Amino acid sequence: MALGPILPRRFYARDTIAAARALLGRVLVKGATAGIIVETEAYPGGDDLASHSSRGLTNRTRVIFGAPGHAYVYFVYGMYECFNIVVEPEGRPGCVLVRALEPIAGLDEMRRRRPAARRMEDLANGPGKLTIALGITLRDYGADLTRGSLVVREPMEPASFEIAVTPRVGISACAALPLRFLIAGNRFVSKI
DNA sequence: GGTAGGATGGGCT
DNA sequence: GCCCATCCTACCC
């Protein structure tokens, strides 16, 4: 598998919505497994009460207030971990939830980790599923995504695509905001 | 094809 | 004590 360069830190030092859109089509890599990011959600912080960072700096949310290009991983529903990418310039909160991947490398390893997935489309088409498929855990909290075993890279062949926009999934606060972004027509998104 | 309900535990009020 | 940025199974068209 040949991929382009690792995204530099400056890629992430921008507005949360712009980052959520720009991450579509880029490739999330963990060890020997990798997938194209096909679905994201923006969590800008501030007035957005759905953002964990909107209630201020706590032990859980501290990485969101730090330097961009790091991993914010949190535990939810007693069972699952969700993977976010810290964005915005350092000191300003903002993160992007990665909700679905199109698997492109390490498929056998993903299938072993996700025996419940009957089809390839189900390996990583949800935020809890993709962390299991790639082996991302709370130990990756704060990981630097510009170096090491968990990184984001440019794709080998950048594709052009339309971006579909919808409200975010599974939240109650600010539920109507159009902050979910998908590669239009992609089969690997969590839902239309 | 669709959905209701349960699993399961950390974070925060 | 309540609330979750979820997923899977069972069950029902």
Side-chain angles (χ1 to χ4, degrees), chain A residues 12 15-24 28 30 33 35 37-66 68 70-88 93-103 110-143 145 150 152 163-183 187-192:
Chain A
Y12 302 102
D15 153 73
T16 306
I17 291 174
R21 300 177 71 103
L23 280 162
L24 293 175
L28 179 63
K30 173 78 192 289
T33 59
I37 297 171
V38 298
E39 177 178 340
T40 60
E41 285 179 356
Y43 287 90
D47 294 335
D48 174 38
L49 294 180
S51 292
H52 293 166
S53 62
S54 69
R55 289 175 180 77
L57 198 159
T58 66
N59 190 51
R60 180 174 68 150
T61 61
R62 67 191 149 78
V63 72
I64 307 174
F65 293 85
H70 291 262
Y72 168 49
V73 184
Y74 69 90
F75 186 67
V76 73
Y77 293 116
M79 264 182 276
Y80 300 105
E81 285 119 330
C82 291
F83 170 74
N84 296 251
I85 297 173
V86 176
V87 298
E88 302 274 355
C95 63
V96 174
L97 172 68
V98 179
R99 284 193 55 90
L101 302 174
E102 176 177 341
M110 294 193 204
R111 277 190 276 264
R112 275 197 301 277
R113 291 170 171 157
R114 296 244 329 117
R118 297 297 185 160
R119 313 169 304 153
M120 182 179 165
E121 287 88 340
D122 296 324
L123 284 174
N125 61 345
K129 299 177 189 178
L130 73 89
T131 55
I132 295 171
L134 267 62
I136 295 172
T137 71
L138 288 172
R139 290 169 50 187
D140 295 300
Y141 182 95
L145 300 177
L150 179 59
V152 184
I163 297 178
V165 185
T166 79
R168 293 171 293 185
V169 174
I171 57 169
S172 49
C174 304
L177 296 178
L179 295 178
R180 173 171 174 254
F181 305 96
L182 314 86
I183 294 184
R187 326 190 321 266
F188 296 86
V189 300
S190 66
K191 56 189 251 193
I192 305 296

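Owing to the predicted nature of the structure, the values given are computational and were not obtained by experimental measurement. Throughout, a chain's letter reflects where its sequence line sits, starting with A, and its residues are numbered from 1.
Contact record, A:G135 with A:R113: N-NH1, 3.5 Å, taken as the closest heavy-atom pair. Minimum interatomic distance between A:F83 and A:A71 (heavy atoms only, all atoms of both residues): CE1-CB, 3.7 Å. Contact record, A:E88 with A:G94: CG-CA, 4.0 Å, taken as the closest heavy-atom pair. When all heavy atoms of A:L182 and A:T166 are compared, the pair lying nearest together is CD1-CG2, 3.9 Å.
Within the shown strands, nothing qualifies as a pairing partner of C:dA5 under the Watson-Crick or G-U definition with both distances less than 3.5 Å. When Watson-Crick and G-U wobble pairs are counted only if both distances are under 3.5 Å, B:dT8 pairs with no nucleotide at all.
When each of A:L97, A:L130, A:V189, A:I183 is checked for a side chain to side chain contact (heavy atoms under 4.5 Å, CB included) with A:E39, only A:V189 meets the rule.
Whole-Å rounding puts the A:Y43 OH to C:dC4 P distance at 12 Å. Rounded to a whole Å, the CD atom of A:E81 is 15 Å from the C1' atom of C:dC4.
Atom NE2 of A:H52 and atom OG1 of A:T61 lie 9.5 Å apart (nearest 0.5 Å).
Under the salt bridge (charged side-chain N to carboxylate O under 4.0 Å, His left out) criterion, A:R111 pairs with A:D108, sequence neighbours left out.
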Report all interatomic pairs (protein N or O, nucleotide N or O of nucleotides 10-13 of chain B) with separations under 3.5 Å.
from, atom 1, to, atom 2, distance (Å)
B:dC12, OP1, A:T58, OG1, 2.9

Taking N or O atoms only and anything under 3.5 Å, show me the protein contacts with nucleotides 6-8 of chain C, one pair per line.
from, atom 1, to, atom 2, distance (Å)
C:dT6, OP1, A:R99, NH1, 3.2
C:dT6, O3', A:G128, N, 3.3
C:dC7, OP1, A:P127, N, 3.2
C:dC7, OP1, A:G128, N, 2.7
C:dC7, OP1, A:K129, N, 2.9
C:dC7, O4', A:Y80, OH, 3.0
C:dC8, OP1, A:R114, NH1, 2.5
C:dC8, OP1, A:R114, NH2, 3.3

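Sparse packing is recorded around CZ of A:R118, with 12 or fewer heavy atoms of other residues, nucleotides or ligands lying under 6.0 Å away.
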